[in-house]
Novice: 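Quick one: structure below, then a few questions.
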Amino acid sequence: MRTLFYVFIFCLVGSSGFTQNDGDGHALFENATEQEILLNNYENDFQLLQALRFTGEPSLKHWEKLVSILDKKAAKNRIKGARFLETIFYKTQSVLFKGYQKHAAFNELLNSGTYDCVTGTAAYGLLLDRYGFDYKIIETDAHVFLLAEFEGDSVIFESTLPLHGFFQGTATRDFLSQFIAKESASPNGASGLAIGGISEGSNQIFQTITLKELAGLQYYNDAILKFNNNQFQEAYFQTVKAEMLHPSDRISNLRVLLEPLKNLQVARTGTGYRH
């Protein structure tokens, strides 16, 4: 898999893209740590989620506190049923999540507790892996959430609803009905995830993805943010990394859209994008 990553990047940006910094900030990797994670820790989901916007080793204080609390509760309850799933949801909200913010990277969640639907769902996925639950990460046109399963029952982890984001029974079916994909054309490559909100209109995407692909969606969102700030080359490089982690039509479409723009030099005065 690591060899394929090198080949994929080389074909898209050429050998010059491997430099960490060319003096003008035009590099595929933002720093040496991101390069190390993406090329050498590719199979470690926890590390992979930290690659975006790496500015130093993140604090694991709140993460380790949360895991310690949940480990103790898991040890006391041999049957880790729906009640323990609910405990995971609300303990994570109270210990780890401190405030919703669009475009928050996973490192920012670890350091300050700021999160969005991508990084919040990632945290839940890592925890459910730890405690042996079956789950699916659901990607839709404009949102990401987690669907956990236990003994035939399904529950929703909606990270952006701290007080009422744990859905069971008929509430699960009602929640899912908002996102069922409709027959229509593929979405274009320049629309991001409406993090923290429900998509309006016909949904075109409703699919299960992995934590690795979720890490790719972090890069996809960051590419859109940079695109709307007129940072075309940086946006293009983010789509290259996003597409390797999560090959999909909308990421590929955005990369193709950005390719003829990636060498433009423009003022970086954009105000960001709104989902």
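In what follows, residues are counted from 1 in the order of the sequence shown. The analysis underlying the following values was restricted to heavy atoms, covering all of them including side chains, and did not include hydrogens, waters or symmetry mates.
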Novice: Under 3.5 Å, is there a donor-acceptor pair between the side chain of Asp222 and the main chain of Gln218?
Specialist: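 Not at all, since once roles are kept as given, no pair shorter than 3.5 Å links the two residues.
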Novice: Which pair of non-hydrogen atoms, one from Pro58 and one from Gln50, has the smallest distance, and what is that distance?
Specialist: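 For Pro58 and Gln50, the tightest heavy-atom pair comes out as CG-OE1, 3.1 Å.
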Novice: Please enumerate all residues that pass ring pair (Phe, Tyr, Trp, His ring centres under 6.0 Å) together with Phe97, with sequence neighbours excluded.
Specialist: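 Tyr115, Tyr124.
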Novice: For Gln47, does its backbone N or O pair with a side-chain atom of Asn44 as donor and acceptor, under 3.5 Å?
Specialist: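 A pair under 3.5 Å: yes.
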Novice: Using the test side-chain contact (heavy atoms from CB on, under 4.5 Å), find all partners of Ser68 that sit at least two apart in sequence or belong to another chain.
Specialist: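 Scan of Ser68 (side-chain contact (heavy atoms from CB on, under 4.5 Å), adjacent residues dropped) gives Lys72.
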Novice: Could I get the full list of side-chain contact (heavy atoms from CB on, under 4.5 Å) partners for Ala242, not counting sequence neighbours?
Specialist: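 If we apply the side-chain contact (heavy atoms from CB on, under 4.5 Å) test to Ala242, skipping adjacent residues, the hits are Tyr219, Tyr220, Ile251.
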Novice: Test of understanding: with side-chain hydrogen bond (donor to acceptor under 3.5 Å, both in side chains), list the residues that count as partners of His246, not counting sequence neighbours.
Specialist: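 Partners of His246 by the side-chain hydrogen bond (donor to acceptor under 3.5 Å, both in side chains) criterion, ordered by chain and then number, come out as Glu139.
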Novice: Residues two or more places apart in sequence or in another chain: which of them pass side-chain contact (heavy atoms from CB on, under 4.5 Å) with Ser154?
Specialist: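 Ser154 satisfies side-chain contact (heavy atoms from CB on, under 4.5 Å) with Leu147, Glu149, Thr172 only.
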Novice: For a quick test of reading the model, state the closest non-hydrogen atom pair linking Thr239 to Ala223 and the distance between them.
Specialist: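 Scanning both residues, the minimum pair turns out to be CG2-CB, 3.5 Å.
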Novice: Which atom pair, heavy atoms only, marks the closest approach of Met244 to Pro247?
Specialist: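 Closest approach of Met244 to Pro247, heavy atoms only: O-CD, 4.0 Å.
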Novice: Measuring only between side-chain heavy atoms, which start at C-beta, is Phe145 closer than 4.5 Å to Thr140?
Specialist: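 Side-chain contact under 4.5 Å: yes.
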Novice: If you measure from CG on Leu109 to OG on Ser159, what distance do you get to the nearest 0.5 Å?
Specialist: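 So the CG of Leu109 and the OG of Ser159 are separated by 9.5 Å.
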Novice: Knowing that exactly one of Asn221, Asn229, Asn228 qualifies, which makes a side chain to side chain contact (heavy atoms under 4.5 Å, CB included) with Leu225?
Specialist: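 Filter result, single survivor: Asn229.
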Novice: In chain order, what residues pass the side-chain hydrogen bond (donor to acceptor under 3.5 Å, both in side chains) check against Gln168, with sequence neighbours excluded?
Specialist: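 With neighbours one apart ignored, the set is empty.
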Novice: Pairs of donor and acceptor atoms involving the side chains of residues 84-91, under 3.5 Å and at least two apart or interchain, shall be tabulated with distances.
Specialist:
residue, atom, partner, partner atom, Å
Thr87, OG1, Arg83, O, 3.1
Tyr90, OH, Leu163, O, 3.2

Novice: Would you mind reporting whether Val240 and Arg255 have side-chain heavy atoms less than 4.5 Å apart?
Specialist: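 Touching, per the 4.5 Å side-chain cut-off.
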Novice: Out of curiosity, Leu214 CG to Asp45 CG, how far, rounded to the nearest 0.5 Å?
Specialist: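 That separation rounds to 9.5 Å.
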Novice: Considering only heavy atoms from C-beta outward, does the side chain of Thr121 approach that of Tyr135 to under 4.5 Å?
Specialist: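 Thr121 vs Tyr135: side chains apart.
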Novice: Taking atom NZ as the centre, does Lys73 end up with more than 12 heavy-atom neighbours from other residues, nucleotides or ligands that are less than 6.0 angstrom away?
Specialist: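 No, NZ of Lys73 has 12 or fewer neighbouring heavy atoms, counting only those of other groups under 6.0 Å.
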Novice: Answer whether the closest heavy-atom distance between the side chains of Leu52 and Gln238 falls below 4.5 Å.
Specialist: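 The answer is yes; the side chains approach within 4.5 Å.
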Novice: Not counting sequence neighbours, which residues clear side-chain hydrogen bond (donor to acceptor under 3.5 Å, both in side chains) with Thr55? List them please.
Specialist: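 None.
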Novice: Check for a donor-acceptor pair, side chain of Glu259 on one end and backbone N or O of Val256 on the other, with a separation under 3.5 Å.
Specialist: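 No, the answer is negative, given that no donor and acceptor are paired below the 3.5 Å cut-off.
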Novice: With sequence neighbours left out, write down each residue that passes side-chain contact (heavy atoms from CB on, under 4.5 Å) with Val67, or none if nothing qualifies.
Specialist: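 side-chain contact (heavy atoms from CB on, under 4.5 Å) list for Val67, sorted by chain: Trp63, Asp71, Leu127, Arg130, Tyr131.
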Novice: Could you tell me if the side chain of Val155 sits less than 4.5 Å from the side chain of Phe166, heavy atoms only?
Specialist: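 Sidechains of Val155 and Phe166: in contact.
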Novice: If you compare all heavy atoms of Arg53 against all heavy atoms of Glu30, which two are closest, and at what distance to 0.1 Å?
Specialist: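 Closest heavy-atom pair between Arg53 and Glu30: N-OE1, 3.6 Å.
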Novice: Could you measure the distance from the CG atom of Leu245 to the OH atom of Tyr42? Nearest 0.5 Å is fine.
Specialist: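 One gets 5.0 Å once the value is rounded to the nearest 0.5 Å.
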Novice: Enter the distance from Leu258:CG to Asn253:CG here, rounded to the nearest 0.5 Å.
Specialist: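 With rounding to 0.5 Å, CG (Leu258) is 11.0 Å from CG (Asn253).
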Novice: Which atom names give the shortest non-hydrogen contact between Phe29 and Leu38, and what distance separates them?
Specialist: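 Shortest heavy-atom contact: CE2-CD1, 3.9 Å.
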Novice: Locate the shortest heavy-atom distance separating Lys212 from Leu48; write the atom from each residue and the value.
Specialist: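 Between these two residues, the closest heavy atoms are CG-CD2, 3.4 Å.
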Novice: Which is it for Phe167 and Leu161 under the side-chain contact (heavy atoms from CB on, under 4.5 Å) test, yes or no, and what are the steps along the way?
Specialist: CA-CA 10 Å; Phe167 295 91; Leu161 296 177; 4.1 Å; yes
Novice: Once salt bridge (charged side-chain N to carboxylate O under 4.0 Å, His left out) is applied, do any residues pair with Glu34, and if so which ones, sequence neighbours excluded?
Specialist: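 Per chain and number, Glu34 pairs via salt bridge (charged side-chain N to carboxylate O under 4.0 Å, His left out) with Lys241.
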Novice: Taking side-chain hydrogen bond (donor to acceptor under 3.5 Å, both in side chains) as the test, write out the residues that go with Thr119, two or more places apart.
Specialist: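 By the side-chain hydrogen bond (donor to acceptor under 3.5 Å, both in side chains) rule, Thr119 matches Asp116.
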Novice: How long is the gap from CG on Asn111 to CG on Asn107, to the nearest 0.5 Å?
Specialist: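 Answer rounded to 0.5 Å: 6.5 Å.
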Novice: Just so I know, are the side chains of Phe157 and Thr92 near enough to count as touching, which here means a heavy-atom distance under 4.5 Å?
Specialist: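 Heavy-atom side-chain distance check fails, nothing below 4.5 Å.
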Novice: Could you check if a side-chain atom of Val144 sits within less than 4.5 angstrom of a side-chain atom of Ile137, using non-hydrogen atoms only?
Specialist: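 A side-chain contact exists here, since the closest heavy-atom pair is under 4.5 Å.
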Novice: For residues Phe179 and Ile138, determine if any side-chain heavy atom of one lies less than 4.5 Å from a side-chain heavy atom of the other.
Specialist: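 No, their side chains stay 4.5 Å or more apart.
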Novice: Okay, side chain of Asp141, backbone of Gln204: is any donor-acceptor separation there less than 3.5 Å?
Specialist: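 Checked: pair present.
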Novice: Atom NE2 of His143 and atom CD1 of Ile205: how far apart are they, to the nearest 0.5 Å?
Specialist: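 Interatomic distance, His143 NE2 to Ile205 CD1, rounded to 0.5 Å: 14.0 Å.
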